[in-house]
Amino acid sequence: MPELPEVETSCRGIEPFCAGVEIAQIVVRQPKLRWPVAPNLPAQLAGQVVQSVGRRGKYLLLQVESGALMIHLGMSGSLRVVDDTVLVGKHDHVDIILRNGKIIRYNDPRRFGSVTFNQQGANHPLLKKLGVEPLEEEFNGDYLINCCRSRKVAIKSLIMNSQLVVGVGNIYAQESLFRSGIHPVRAANKIAKKRIETLVVHIKQVLKEAIKAGGSSLKDFTASDGKPGYFQHTFQVYGRSGEPCILCGKPLKQAQIGQRTTVYCGSCQR
DNA sequence: CTAAGGACCTGTCGGC
DNA sequence: TGCCGACAGGTCCTTA
């Protein structure tokens, strides 16, 4: 379920249960994820204390002394905090069993996510090529303008390119472009600097709002329903193809950009 | 170097 | 009710 706000919410949700707590055992029921779960992963983590819980892009990082457990939620993954009285369900692929009796349970129907162990810090192959964090100051107008230079891909594809900036997924790419009045298919190098600066502001704004909404709607991370808060959130364009634009009232259009459905307003976005 | 397309999976929904 | 195709929040890898 992850766009970045959801990963951030998961991060904050599990943190109180596992920070400072020893991992008793890891149980892998289905190792065939996006990357196969290494057979020795449980042995590498058993007995180690979770020092902190963090995030890099959409990777959750549970830091231990010898490295970090990296969890990616893919398209359909989610985490819950349970105890051993909760029955194991379909697609509950991995349990991180903690010494305090809690279990971090990883569920992922489509198995596009991953659970890997990282001994190499930021040099891990999956992290090494990631771009800047969208909510950090290093993601700013100058940075994005520079990215757009000499690239003629659709601006939507560009902001979803995780080698440039991480964490902007299909939903928030659409929302931030709408707020910025930029047509999603417009060539990146054909957009005025001022408008790119506006886009940066809106990307940050849209992500922050979603994190806030996620945090407030998901007050109990042990809730049985792992549905993210942001699906109760209303979107201005995502999923609204054919419905009226909230600004001009004309029906919203839909297109495929980089094989992803994209909804936009043909008259408000140029 | 950039850009475009395929690949990986299961579940759900609409149409017939 | 059942079957079938289209589609879904990601991103890595290969090819051009």
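Throughout, a chain's letter reflects where its sequence line sits, starting with A, and its residues are numbered from 1.
- Residue A:Tyr59 places at least one side-chain N or O under 4.0 Å from the OP1 or OP2 atom of C:dC12.
- Both A:Arg34 and A:His91 lie near DNA chain B, and the one whose nearest nucleotide falls closer to the 5' end is A:Arg34.
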What donor-acceptor contacts under 3.5 angstrom involve side-chain atoms of residues 115-123 of chain A, with partners at least two apart or in another chain?
residue  : atom : partner  : partner atom : Å
A:Asn118 : OD1  : A:Gln120 : N            : 2.7
A:Asn118 : OD1  : A:Gly121 : N            : 3.1
A:Asn118 : ND2  : A:Gly121 : O            : 3.1

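- With hydrogens and angles left out, the side-chain atoms of A:Ser66 and A:Gln44 include no donor and acceptor closer than 3.5 Å.
- Remark: nothing in residues 117-126 of chain A comes within less than 4.0 Å of DNA chain C through any heavy atom.
- For the pair A:Ile257 CD1 and C:dG10 P, the computed distance is 14 Å after rounding to whole Å.
- No salt bridge links A:Glu6 with A:Lys58; every basic N to acidic carboxylate O contact stays at or beyond 4.0 Å.
- A:Tyr106 contributes no side-chain N or O that, together with a main-chain N or O of A:Ile96, makes up a donor-acceptor pair within less than 3.5 Å.
- A:Glu175 places no side-chain N or O within donor-acceptor distance of the main-chain N or O of A:Val206, the cut-off being under 3.5 Å.
- Both A:Leu69 and A:Ile104 are assigned to one and the same hydrophobic cluster, defined by single-linkage of ILVMFWY side chains at heavy-atom distances under 4.5 Å.
- What separates CG of A:Asn170 from C1' of C:dT11 is a distance of 13 Å, to the nearest Å.
- Checked by atom type and distance alone, the side chain of A:Gln269 never pairs as donor or acceptor with a backbone atom of A:His183 at under 3.5 Å.
- No engagement by A:Lys129 is indicated, since no non-hydrogen atom pair under 4.0 Å with the nucleic acid exists.
- C:dC12 sits 23 Å from B:dG11 when the C1' atoms are compared, rounded to a whole Å.
- For A:Lys253, the NZ atom is loosely surrounded, since the number of other residues' heavy atoms within 6.0 Å does not exceed 12.
- Atom NZ in A:Lys58 sits about 10 Å away from atom P in C:dC12, given to the nearest Å.
- Rounded to whole angstrom, the span from the NZ atom of A:Lys128 across to the P atom of C:dT11 amounts to 18 Å.
- Of the residues in residues 144-166 of chain A, those with a non-hydrogen atom less than 4.0 angstrom from any atom of DNA chain B are A:Arg151, A:Lys152, A:Val153.
- Comment: A:Asp95 engages A:Arg29 in a salt bridge, judged by a side-chain N to carboxylate O separation of less than 4.0 angstrom.
- Protein atom CZ of A:Arg260 is 8 Å distant from nucleotide atom P of C:dA8, rounded to whole Å.
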Query raised in the report: Tell me, what's DNA chain C's dot-bracket, Watson-Crick or G-U with both distances under 3.5 Å, | for other-strand, [ ] crossing?
Result: .|||||||.|||||||
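- In summary, contact between chain A and DNA chain B, defined as any nucleotide atom under 4.0 Å from a heavy atom of the protein, begins and ends at B:dT2 to B:dG11 in the 5' to 3' direction.
- Classification of A:Arg179 and A:Glu209 as a salt-bridged pair holds, one side-chain N sitting under 4.0 Å from a carboxylate O.
- Between A:Phe235 and A:Tyr172, the ring planes are perpendicular. Angles over 60° get that label, and only those under 30° would be called parallel.
- Computed from coordinates, the A:Arg110 CZ to C:dT11 C1' distance equals 12 Å when rounded to whole Å.
- If you take atom P in C:dT14 and the same atom in B:dC9, they sit 16 Å apart, rounded to whole Å.
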**Report entry** Derivation of the side-chain contact (heavy atoms from CB on, under 4.5 Å) call for A:Val132 and A:Val166
**Finding:** CA-CA 6 Å; A:Val132 302; A:Val166 295; over 6 Å; no
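- Remark: C1' of C:dA6 and CD of A:Gln256 are 11 Å apart, rounded to the nearest angstrom.
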Using distance only, find each side-chain donor-acceptor pair of residues 260-268 of chain A under 3.5 Å and give its atom names and separation, not counting sequence neighbours.
residue  : atom : partner  : partner atom : Å
A:Thr261 : OG1  : A:Gln256 : OE1          : 3.0
A:Thr262 : OG1  : A:Lys156 : NZ           : 2.8
A:Thr262 : OG1  : A:Arg260 : O            : 3.1

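- A salt bridge is absent between A:Glu197 and A:Lys193; no separation between the charged side-chain nitrogens and carboxylate oxygens falls under 4.0 Å.
- Between the CZ atom of A:Phe112 and the P atom of C:dT11 there is a distance of 12 Å, given to the nearest Å.
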